[in-house]
Amino acid sequence: MMTVTQCTKTIMRALNGETLPTPPVWMMRQAGRYLPEYMATRAQAGDFLSLCYNPDLATEVTLQPIRRYGFDAAILFADILLVPQALGADLWFVTGEGPRLSTITTEQDMGKLGPAEDIHETLAPIYQTVRNLTSALPAETTLIGFAGAPWTVATYMIAGRGTPDQAPAHALMRENVVVFDALMDRITKATILYLAEQIKAGAEVVKIFDSWAGSLSAQAFDRYCIAPHIEIVTVLKAQFPDVKIIGFPRGAAGKYIDYTVQVDVDCVAVDTAVSSAWAAENLQPKTCVQGNLDQTLLVSGGDKLVSETKRVVEAFKGGAHIFNLGHGITPDAPPENVSLMLEAIRG
Ligand code: CP3
């Protein structure tokens with residue numbers, strides 16, 4: 001007699017296209033500064049980057065939101081800017097301001113970067129964190145690894161910092177496309193190698209964060225968002241047929257449709273610039289959708305948080321859905337509002 005074992009991991013079921021009565025849930029930036037226990041562990045590590053590169057403490061902060069809230073997925077604690085650092089860029093974080101990097105704008109700057117194949121020595125502690133998590137997580141919790149998408153990582157490497165409009169990266173694309181394309185290519189190769197190691201270490205799902213995809217023009221979106229995502233997904237799926245991939249071309253607006261049709265992701269994560277109803281109608285018939293509660297509601301809380309959470313659940317109930325925010329939870333969100341959101345989802 002054949003026995004059918006159903007996967008207990010609800011995130012995996014949703015990623016396999018199943019419509020579930022209650023959507024599984026996790027939150028972008030669920031390990032972070034809104035949690036007092038995170039602040040305590042970060043203080044123990046000394047600073048943010050020391051925390052990322054300390055497998056024991058990075059494991060601890062990854063687990064903190066799982067213990068407190070029982071999310072259905074844990075996301076590896078790391079940062080998208082570790083890849084530039086592993087390629088040889090200088091990286092540091094200015095408290096209260098954000099990341100700073102040495103800039104790449106010329107062929108000479110490109111010459112200072114190492115080959116993609118050399119990233120693993122720097123990133124070895126991250127792979128150790130993934131291995132730790134495979135045994136530390138509850139059986140029902142899915143482990144998500146991640147990387148930044150080439151365009152988003154390039155915007156930081158070119159400007160040397162976060163920028164509101166990614167102007168330095170757009171300028172380099174126009175003024176020296178040879179250097180720009182060489183940088184995109186190096187990041188794409190490094191991203192594939194980085195994600196492959198995370199999968200070998202035990203990540204069941206990987207997410208590609210293209211946080212600044214929304215500033216690309218329609219043509220540039222095809223070339224610098226869709227094309228590198230296709231390359232990453234194609235290579236990873238050939239190497240790891242069981243891995244699930246979530247794509248997040250944040251701010252893609254109407255181009256979310258082209259992205260979903262062209263990139264073979266198992267799930268598309270949507271931000272709040274598109275309505276849940278629009279995403280349910282235009283994206284969900286093609287793939288699982290992750291999203292898209294307005295993260296600022298977790299700051300204000302109250303009845304509006306509850307009603308909006310229920311509205312998002314309702315909008316996506318006809319197909320595969322992973323509940324999440326449109327973007328990361330912010331440090332000013334009271335932790336009890338997360339419990340309020342979870343009650344509204346799970347009843
Ligand atoms: O819980 C998780 O989501 C896992 C860990 C994670 C972090 N960063 C930790 C972090 C993940 C998945 C990221 C992704 C990331 N990092 C992105 C893509 C997602 C997005 O937010 O759009 C980007 C653009 C970065 C780059 C980055 N890291 C910036 C611009 C900053 C400073 C601004 C900010 O939001 O704080 C960071 C710092 C960072 N990354 C923190 C955390 C917890 C805060 C650092 C601290 O503790 O002081």
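Atoms within a ligand are numbered from 1 in the order they appear, just like the ligands themselves. Throughout, residue positions are numbered sequentially from 1 according to the sequence presented.
Residues satisfying the salt bridge (charged side-chain N to carboxylate O under 4.0 Å, His left out) test with K286, not counting sequence neighbours, are none.
Taking distance alone, with nitrogen or oxygen atoms compared against 3.5 Å, R42 approaches ligand 1 more closely than that limit. In terms of N/O distances under 3.5 Å, ligand 1 is not approached by R250.
A donor atom on one side chain and an acceptor atom on the other are found under 3.5 Å apart for T152 and D210.
Closest heavy-atom approach to atom 31 (C) of ligand 1 among the candidates A147, S211, P99: P99. Across D79, D210, T330, L51, heavy-atom proximity to atom 26 (C) of ligand 1 is greatest for D79. With distances taken over non-hydrogen atoms, the option nearest atom 17 (C) of ligand 1 out of I80, V61, I329 is I80. Of the candidates T155, L49, L76, it is L76 that places a heavy atom closest to atom 4 (C) of ligand 1. Here the shortest heavy-atom distance to atom 5 (C) of ligand 1, taken over A31, A78, G32, belongs to A78. For atom 43 (C) of ligand 1, the nearest non-hydrogen atom from the set F146, Y38, Y156, F209 belongs to Y38.
Residue contacts with ligand 1: M27 is excluded, as none of its non-hydrogen atoms falls under 4.0 Å. For the pair F93 and ligand 1, a heavy-atom separation below 4.0 Å is found. For F248, the heavy-atom gap to ligand 1 stays at 4.0 angstrom or more.
Salt-bridge annotation for R311 and E314: absent, with no side-chain N of the basic residue lying under 4.0 Å from a carboxylate O of the acidic one. Salt bridge present: R68 and E37 bring a charged side-chain N and a carboxylate O closer than 4.0 Å. Under a 4.0 Å N-O distance rule, the pair R346/D72 qualifies as a salt bridge. Look at R223 and D181 and you find a salt bridge, because one of the NZ, NE, NH1 or NH2 atoms lies within 4.0 Å of a carboxylate O, short of that distance. No salt bridge links D90 with R100; every basic N to acidic carboxylate O contact stays at or beyond 4.0 Å.
Set against the non-hydrogen atoms of I75, the atoms of ligand 1 under 4.0 Å away are 1 (O), 2 (C), 3 (O), 4 (C), 12 (C).
Note on ring orientation: taking the six-membered ring where Trp is involved, the planes of Y34 and Y69 are parallel (angle under 30°, cut-offs 30° and 60°). Between Y259 and H229, the ring planes are perpendicular. Angles over 60° get that label, and only those under 30° would be called parallel.
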Problem - Criterion side chain to side chain contact (heavy atoms under 4.5 Å, CB included) on T260 and N282, from CA distance to verdict - result: CA-CA 9 Å; T260 304; N282 293 285; over 6 Å; no
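Closest to atom 13 (C) of ligand 1 among all protein heavy atoms lies R29 NE, 3.7 Å. Nearest non-hydrogen protein atom to atom 21 (O) of ligand 1 is H327 NE2, 3.2 Å. With respect to atom 36 (O) of ligand 1, the closest heavy atom belonging to the protein is R33 NH2, 2.4 Å. Scanning the protein heavy atoms around atom 41 (C) of ligand 1, the nearest turns out to be F48 CE1, 3.7 Å.
At a heavy-atom cutoff of 4.0 Å, ligand 1 is contacted by no atom of T95, backbone or side chain.
Protein heavy atoms are absent from the 4.0 Å sphere centred on atom 33 (C) of ligand 1.
The six-membered or imidazole ring of F248 lies away from that of F146, with a centre-to-centre distance of 6.0 Å or more.
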